[in-house]
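First comes the structure, then the notes that go with it.
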Amino acid sequence: MKNFVPIIIILILGSALYKQFNFETLRFEKLGLSIIYLIVFLATIFLLIKNNINKKSNE
């Protein structure tokens, strides 16, 4: 149940990045905001995977 919050963050940021991406021009509408979203998105995925690996090694 501890993984619930990071999963929600990943879903929200992923959908925000998807909505801001223009597939016709292959560019983001708001580049600065998209970079921040992407950094936090990737950091959350990294921490989620790192925590899962640590849990498995402690068992």
Side-chain angles (χ1 to χ4, degrees):
M1 195 65 175
K2 290 183 179 182
N3 291 338
F4 182 71
V5 174
I7 290 173
I8 296 298
I9 293 171
I10 289 170
L11 290 174
I12 291 171
L13 291 176
S15 66
L17 282 169
Y18 180 77
K19 287 179 185 178
Q20 287 193 8
F21 189 72
N22 186 348
F23 288 97
E24 292 176 3
T25 61
L26 299 177
R27 297 185 189 274
F28 287 103
E29 293 176 10
K30 300 176 183 175
L31 184 61
L33 190 58
S34 297
I35 290 171
I36 293 171
Y37 284 166
L38 185 62
I39 290 170
V40 175
F41 180 77
L42 294 174
T44 306
I45 290 175
F46 172 76
L47 292 174
L48 187 64
I49 292 172
K50 182 180 172 187
N51 287 339
N52 284 339
I53 291 173
N54 288 341
K55 283 182 184 178
K56 288 181 182 180
S57 67
N58 290 338
E59 291 178 357

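Keep in mind that the numbers below use all heavy atoms, side chains included, and drop hydrogens, waters and symmetry copies.
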Working to the nearest 0.5 Å, report the span between [atom1] of [X] and [atom2] of [Y].
{"X": "Ser34", "Y": "Phe41", "atom1": "OG", "atom2": "CZ", "value": "12.5 Å"}
{"X": "Asn52", "Y": "Ser57", "atom1": "CG", "atom2": "OG", "value": "11.0 Å"}
{"X": "Leu17", "Y": "Leu33", "atom1": "CG", "atom2": "CG", "value": "8.5 Å"}
{"X": "Thr44", "Y": "Ile39", "atom1": "OG1", "atom2": "CD1", "value": "11.5 Å"}
{"X": "Tyr37", "Y": "Leu42", "atom1": "OH", "atom2": "CG", "value": "15.0 Å"}
{"X": "Lys30", "Y": "Ile35", "atom1": "NZ", "atom2": "CD1", "value": "14.0 Å"}

Using the rule that two of Ile, Leu, Val, Met, Phe, Trp, Tyr join whenever any of their side-chain heavy atoms come within less than 4.5 Å, decide whether [X] and [Y] are in one cluster.
{"X": "Phe23", "Y": "Leu38", "value": "yes"}
{"X": "Ile49", "Y": "Leu13", "value": "yes"}
{"X": "Phe4", "Y": "Phe46", "value": "no"}
{"X": "Leu48", "Y": "Val5", "value": "yes"}

**Item:** Atom OH of Tyr18 with >12 non-hydrogen neighbours under 6.0 angstrom
**Value:** no
